[in-house]
Amino acid sequence: MRIQAERLSYSYQAGSSFSAYALKDVTLTIEEGEFFGIIGHTGSGKSTFVQHLNALIKLPTADKKFKPKKPKKGQPAPVYPSLVIGKYDLGDKKTNFKELRSKVGIVFQYPEYQLFAESVYDDVAFGLKNFRSELSEEEKTVLVRDAISAVGLDYESVKDASPFDLSGGQKRRVAIAGVIVTRPEILILDEPAAGLDPLGKKEIMELLHSLHRDWCKTVIIVSHDMDEISENCTRAAVFSHGELKFVLPPSELFLHDEELKALDLDIPVTAKVRLALKAKGIDVQTDFTEEDFAEKVLAYYKGVRA
Amino acid sequence: MKAVEFENVSFSYQREDDENRKFAVKNVNLSVEEGEFVAVLGHNGSGKSTLARLANALLQAQEGKIIVMGMDVSDPAMQFEVRKNVGIVFQNPDNQTVASIVEDDIAFGPENIGVPREEIGRRIEKALSDVGMTQYRDRMTSALSGGQKQRVAIAGVLAINPKVMILDESTAMLDPKGRREIMQVVKRLNREEGMTILLITHFMEEALLADRAIVMNRGEIVMQGTPDEIFERHEELETYNLTLPGIGALCKKLQDGGMPVPYVLTPEELAEEIAKCVFRQNG
Amino acid sequence: MKDIAFGQYYPVSSFVHKLDPRFKIVALITYIVAIFLANNYYGMAVCALGFFLIVLCSRVPFKKVFRSVKGIFVLLIFTAVLQIFFYQESENAKVWQWWIFTVSDESLLHAGFLVLRLALLVMVASILTFTTTPVALTDGLESLLYPLKLIRFPVHELALIMSIALRFIPTLMEETERIMNAQKARGADFESGSLLSRAKAVIPILIPLLISSFRRAEELGDAMDARCYAGSKVRTKYKKLKFSWRDLVGLLVIAAIVVGVVFLKRFGAV
């Protein structure tokens, strides 16, 4: 499913004196199959954008009470924000939003804090109970088992355990299983590695790649960590003060180091070394992954040597 | 004078008569000089946070001895004095704020130890300026960003005038901007105010600011040295589930590819080393 | 969730904000007594006038104050309906009757009176929390309840518990919203279905919220211990409560309201 957002705007407390744009005129297309990154500070609009994708925030035209304004004479008809994901038009109140939500999964920050059921099985099955109540118990069991295995846990040994007895990393995996159990085509994760130690981070990113390969066509991560973005993403969008500033593959995005710095955003380590090298007259072209950067530096070194 | 001293300290969360009890901290020997900046590294569950709670008498060691600023932590009569001398900043900024207004929250510590009113006012002012939050004195704590909340938490500890400040993964829940803010404050407190700092973290790059780094694994201290020395032994670090900061991983890749760069800690140093190699080749 | 205005301090500087919290608490109680003393619309008008004066002097927007009624809206409607249909005093002023339901001029007047009384009550109480920081509020309470210490009532602890509870309202509200969003994304439905299924739908929110509250409480306890909290023994207070000329002015206003209400009682009850 392709995500097409056009002129997406959203303001909190619309109409009151506090009204501030959380999202302003955002037009963005995310293709099926991407491993997409979303970058921005707290309050940059990235969370508001993500919540639109799952219809947690609905477009004004999807509101039950919505009536289109009649254009005044001589003026063009008003243009409303639009958001289309696959066959679902999120601006249409007749859209089956429940079905959409089962196709677009969101894993929020620190998802382990949403666990509630008595057993890991019940918690993971929660989404199925809500979205796919027509399934038989056997069918559900198969889906739950697959989801738990997909996040790298041993189904037999955890299914009856209380989710609260698991370790922090395991809890997070259970929470992710609880989202992917409905087989969403798009999986969105807000800061999936937050609070984890370096090894935990590495493992979670590996998990996301395996899910991207075998499970969900599109993966979108919201992250502060520029190394995470440069190492993993096909493209990344940068939000600031509700506006979309860049949508580029990391290899091009991190050439804009000055602009990113002006937005108070970091750049990956590779980009920092590249800049410092450039100042010394050594210009290396790279896509900013560690692998590629090391390769290019070595090639330069050997080229010079030869 | 030694600020903090651990002598053969062991601690377990299980009961003493439990046969297969696990030790969260095991045979730890550690001594931190006054004014020193020590980083304690370790993966989640390595026992590093238990260390903080032991030093502040929130937990009592079952074996060994802990001396803080010359006081025995196990002595109940000294507990209050120990806590006056060792402040802790915890991980979650939301769960250590007592009051709704910034200055009321900072006043909480000094109020507890009976500081007179006028003096509390002065301490609030000093603490807020130390963390760069002077203009936030009357704000609601709930409206602050994570980094700001954490700076208020530091100010709340500073207002007690401790000699030692322990930061127990205080940056783990912050974004990079908030993390930078905190590290700047900590660095300044150590360099300019001479505050003894015990920084508990799993962000390897934060350890770079320290005079000394300690690596914990399964409750034991397994490595000790300057940050440079520790990162030099990256293969050993990896066995403790710690990976090098991005820059170290890059050094390793270059070395593996046949480029004789040493281990360095900052992007600028690495660029310097790469340039040296290149120009050496060039003649 | 953001509609819950009650209990949220509104940070501006105003005459009412600067009043001594002890005075404000006593004044609130006095005002409430006055509302209940008022037995006709004249008296209620005096109370309402006083209320508008207080809000004006507090610089809290009227909109925010009115919104605090939202929480008891159902209660207000319920009271009104009960009064309109079941109020029976005299049989002569019937407007409309069906089965056991009777509507009369009197019942309408009476219902309006009760609704006004309740609404004023809640709004004035909200002014107290809008204009007083939780710490000031609990300090005020602690000071007023001080005599109870003689009978070993834990006044300080009670006040501290209150201020921490108030401090955590915004945090827990945020958390609730976060958990709700997460469960909604997993298909939870809080808006439709029978009463029973809606009650059941609360479980996936309530349990994570409870667990996280316990965790927060534990961590807060540690943080307080680490910051040398040891009860009220050696404790000093940074903010000392002091009466000022403002409290004298406030006292006059409150006294005027009470005197007005008592005087107007002579015009008979509604």
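Each chain gets a letter, A, B and so on, in the order its sequence line appears, and its residues count up from 1.
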* From CZ (C:Arg186) to CZ (A:Arg101), nearest 0.5 Å -> 13.5 Å
* Asked: Between A:Ile106, A:Asn54, A:Leu56, which residue shows the highest count of heavy-atom pairs closer than 4.5 Å to chain C?
  -> A:Leu56
* Asked: Do you know which two heavy atoms are closest between A:Phe108 and C:Ala185, and how far apart they sit?
  -> CE1-CB, 4.1 Å
* Is it the side chain or the backbone of A:Tyr110 that comes within 4.5 Å of chain C heavy atoms, both, or neither? -> neither
* At what distance, to the nearest 0.5 angstrom, does CZ of A:Phe116 lie from CD1 of C:Ile203? -> 8.0 Å
* Asked: Do C:Arg178 and A:Asp190 meet the salt-bridge criterion of a basic N to acidic O distance under 4.0 Å?
  -> no
* Which pair of heavy atoms, one from A:Tyr113 and one from C:Arg215, lies closest together, and at what distance? -> CE2-NH1, 3.3 Å
* To do: Please determine, among A:Gly178, A:Ser102, A:Ala55, the option with the most heavy-atom pairs under 4.5 Å with chain C.
  => A:Gly178
* Structure fact -> Of all heavy-atom pairs linking A:Lys98 and C:Gly187, the shortest is CE-O, 4.2 Å
* Asked: Looking only at atom types and distance, does a side-chain atom of A:Gln114 sit under 3.5 Å from a main-chain N or O of C:Pro208, one as donor and one as acceptor?
  -> no
* Structure fact -> Checked A:Leu115, A:Val179, A:Val104 vs chain C; the most non-hydrogen pairs under 4.5 Å come from A:Leu115
* Structure fact -> So, the part of A:Gln109 with a heavy atom under 4.5 Å from chain C: the answer is neither
* To do: Could you give me the CA-CA distance, side-chain angles and deciding distance for A:Glu118 and C:Ile207, then say whether side-chain contact (heavy atoms from CB on, under 4.5 Å) is met?
  => CA-CA 10 Å; A:Glu118 279 175 60; C:Ile207 290 180; over 6 Å; no
